[in-house]
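Ligands are counted one by one from 1 in listed order, and the atoms in each one are counted from 1 as well.
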Amino acid sequence: MDVPGPPREEQLLAGLARLGQAVRMSAWRNAGPHGLSPLQADILTFLAGDDRPRRQGEVVSALASTAPTVSDAMRALTGKGLVTKARDAADARAFVLTLTDSGREEAVRVSAVPEPLRAAVAALEPGDLAAMLRGASAMMRVLQERHAIPISRMCVTCRFHRPNAHPEDPRGPHHCVFVDAPFGDGELRVECPDHQPA
Ligand code: SF4
């Protein structure tokens with residue numbers, strides 16, 4: 001049936017834009033006691049994702065931002081006592097960044113899913129959730145390849161991912177070699193600590 005109105009691709013993009021707006025608004029409302037901007041919150045989350053100190057250039061690449069923008073945000077974060085900056089032992093010209101104890105606490109706080117978004121996700125049927133994960137992974141892969149978004153450690157770009165390895169099993173058609181287990185679209189990861197690039 002042909003329904004009048006813009007094509008469905010445009011409808012999808014309009015829906016994604018609305019969802020993005022909700023996520024951005026939640027991030028601004030979640031500024032917390034340190035008045036974090038969304039970028040500052042993203043930097044804390046990124047630094048908390050790995051115990052080793054990170055160079056500023058790594059933050060720029062991971063967040064698909066620019067050096068001056070990240071530099072401003074880092075200055076604000078060190079001023080708030082959430083991040084420390086020190087000379088890199090491997091290269092005296094470079095600096096490495098580490099979370100302070102307060103920074104780690106803030107990273108945990110900003111990582112929690114805000115209530116309105118949690119309620120919206122909880123309203124999804126399991127099949128819809130799986131379809132959205134599959135669709136989001138496919139779109140993110142293309143955008144990553146075009147350097148339009150930061151790199152995510154997701155199944156569809158992981159060397160352990162075997163898509164449709166079990167076509168006879170509709171509930172678990174894929175296989176993760178890392179944990180040696182089948183899984184379905186509903187378990188697709190868009191951020192996995194065990195990811196290794198394919
Ligand atoms: S290791 Fe993680 S990212 Fe890789 S396939 Fe398994 S679950 Fe997915």
Within a 6.0 Å radius of atom CG on Asp101, are there more than 12 heavy atoms belonging to other residues, nucleotides or ligands?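 Atom CG in Asp101 is not crowded, with 12 or fewer foreign heavy atoms closer than 6.0 Å.
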
Check whether more than 12 heavy atoms from other residues, nucleotides or ligands sit under 6.0 Å from atom CD of Glu145, and answer yes or no.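 Counting neighbours around CD of Glu145, more than 12 heavy atoms of other residues, nucleotides or ligands fall under 6.0 Å, so yes.
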
Give the minimum heavy-atom separation between Pro163 and His174, together with the two atoms involved.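 Reported closest heavy-atom pair: CA-ND1, 3.6 Å.
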
Counting no waters, what protein N/O/S atoms lie under 2.8 Å from atom 4 (Fe) of ligand 1?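 Counting only protein N, O or S atoms under 2.8 Å from atom 4 (Fe) of ligand 1, the list reads Cys158 SG.
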
Do Asp169 and Arg171 meet the salt-bridge criterion of a basic N to acidic O distance under 4.0 Å?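 No.
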
With Asp88 via side-chain hydrogen bond (donor to acceptor under 3.5 Å, both in side chains) - residues at least two apart: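 Expected list: Arg55.
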
Could you check whether Arg24 and Gln21, counting side-chain N and O atoms only, form a donor-acceptor pair closer than 3.5 Å?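 No donor-acceptor contact under 3.5 Å links the two side chains.
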
